[in-house]
Amino acid sequence: MERIGKDDELALRNVNGISVSIGKPYTPMKGGISSVWFDRLKISNDCPEHLESINIMCQVLTDLIDDEIKSGIKKNRILVGGFSMGGCMAMHLAYRNHQDVAGVFALSSFLNKTSAVYQALRESDGVLPELFQCHGAADELVLHSWGEETNSMLKSLGVSTKFHSFPGVYHELSKAELEKLKSWILTKLPGELERQSE
């Protein structure tokens, strides 16, 4: 685990990030060790989720959230998000376990068509955290259409969503995407905007 955010070009004062990197066997790499959040049978939106490995990581991340709360961070000031599998993991974490966080971001991410997230949302009746989602239109690993389908499904289940497409962007982060994310973070964390202008 590594704290990020203070010296990055897009850093926000008074906002910390936590980056988690865990090596584990990954089925699409024939069981080879990879820095992934969870296992899956294949990179596709039409196969079952590997819920056992997703649930294990949800608990690891819940422990991190609990540590942040114990250190004095209010839960309504915690955003969860990530790139690719990290965004998928964030959606599982927030919409299945922590529907009271400030928001969720998912960059070049998708949920499987029969995701446990959708079931959890069907059973939810509370206010849900907003989703900020970006996707490269030229992404050949995680298809743009998978991101759009995920967004549409979440919206139909009551999630307030923002979906941004980036033409010519593959399975990667772009500066324009990160600038949009930074602006969204400033709207989700009241008071941060004032500190940025000081």
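Contact annotation: the side chain of Asn112 never approaches that of Pro48 to less than 4.5 Å [non-hydrogen atoms, C-beta and beyond]. Between Tyr118 and Thr150, some side-chain heavy-atom pair lies under the 4.5 Å cut-off. No side-chain heavy atom of His164 sits less than 4.5 Å from a side-chain heavy atom of Glu177. The shortest distance between side-chain heavy atoms of Lys155 and Asn151 falls below 4.5 Å. Taking the side chain as every heavy atom from C-beta outward, Val80 and Met89 never approach each other to under 4.5 Å. Side-chain contact between Glu172 and Ser108: absent, with no pair of heavy atoms (C-beta onward) separated by less than 4.5 Å. Counting heavy atoms from C-beta on, the side chains of Met153 and Leu121 never come closer than 4.5 Å. Side chains of Ile69 and Ile78 form a contact here, defined as non-hydrogen atoms less than 4.5 Å apart.
The main-chain N or O of Glu149 is never found under 3.5 Å from a side-chain atom of Ser152 such that the two would form a donor-acceptor pair.
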**Message:** Let's go through Leu93 and Thr62 carefully: what are the C-alpha distance in whole Å and the side-chain angles of both, what is the deciding distance for side-chain contact (heavy atoms from CB on, under 4.5 Å) to 0.1 Å, and is it a yes or a no?
**Reply:** CA-CA 8 Å; Leu93 182 66; Thr62 291; 3.8 Å; yes
**Message:** If you apply the rule side-chain contact (heavy atoms from CB on, under 4.5 Å), what do you find for Asp67 with Ser71, and how did you get there?
**Reply:** CA-CA 6 Å; Asp67 289 345; Ser71 77; over 6 Å; no
**Request:** Please lay out, stage by stage, how Thr114 and Glu49 fare under the test side chain to side chain donor-acceptor pair (under 3.5 Å).
**Result:** CA-CA 8 Å; Thr114 59; Glu49 293 174 317; over 6 Å; no
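From Ile56, atom CD1 reaches atom CG of Leu61 across 12.0 Å, with rounding to the nearest 0.5 Å. Considering CZ of Phe132 and OG1 of Thr187, their distance stands at 9.0 Å, rounded to 0.5 Å. We find the SG-CG distance between Cys134 and Asp139 to be 12.5 Å, quoted to the nearest 0.5 Å. Summarising the geometry, atom CE belonging to Met57 is positioned 12.0 Å from atom SG belonging to Cys88; distances are rounded to the nearest 0.5 Å. The structure places CG of Leu107 at 8.5 Å from CZ of Phe166, a figure rounded to the nearest 0.5 Å. Glu130 contributes atom CD, which lies 12.5 Å from atom CG of Leu154 (distance to the nearest 0.5 angstrom).
Taken together through direct or relayed side-chain contacts under 4.5 Å among Ile, Leu, Val, Met, Phe, Trp and Tyr, Met85 and Tyr170 form parts of separate hydrophobic clusters. Leu178 and Phe163 sit in two unconnected hydrophobic clusters of ILVMFWY residues. Membership requires side-chain heavy atoms under 4.5 Å apart, directly or through other members. Follow the hydrophobic side-chain contacts under 4.5 Å out from Trp184 and you never reach Val169; the two are in separate clusters.
Under the rule for a ring-ring contact (aromatic ring centres under 6.0 Å, His included), His98 has no partner lying at least two apart in sequence or in another chain. Considering only residues two or more places apart in sequence or on other chains, Leu143 meets the side chain to side chain contact (heavy atoms under 4.5 Å, CB included) condition with Ser145, Trp146.
Ser165 pairs in a side-chain hydrogen bond (donor to acceptor under 3.5 Å, both in side chains) with only one of the listed residues (Gln133, His135, His144, Glu148), which is His144.
Inspection of the Gln59 and Asn55 side chains reveals no N or O donor paired with an N or O acceptor under 3.5 Å.
Between Lys188 and Ala102, the shortest heavy-atom distance links the atoms CE-O, 3.1 Å. Contact record, Leu128 with Leu157: CD1-O, 3.9 Å, taken as the closest heavy-atom pair. The heavy-atom pair separating Ala94 from Pro129 by the smallest distance is CB-CG, 4.4 Å. Contact record, Gly82 with Ser109: O-OG, 4.0 Å, taken as the closest heavy-atom pair.
Annotation for Glu52: atom CD does not count as buried by contact number, only 12 or fewer foreign heavy atoms lying within 6.0 Å.
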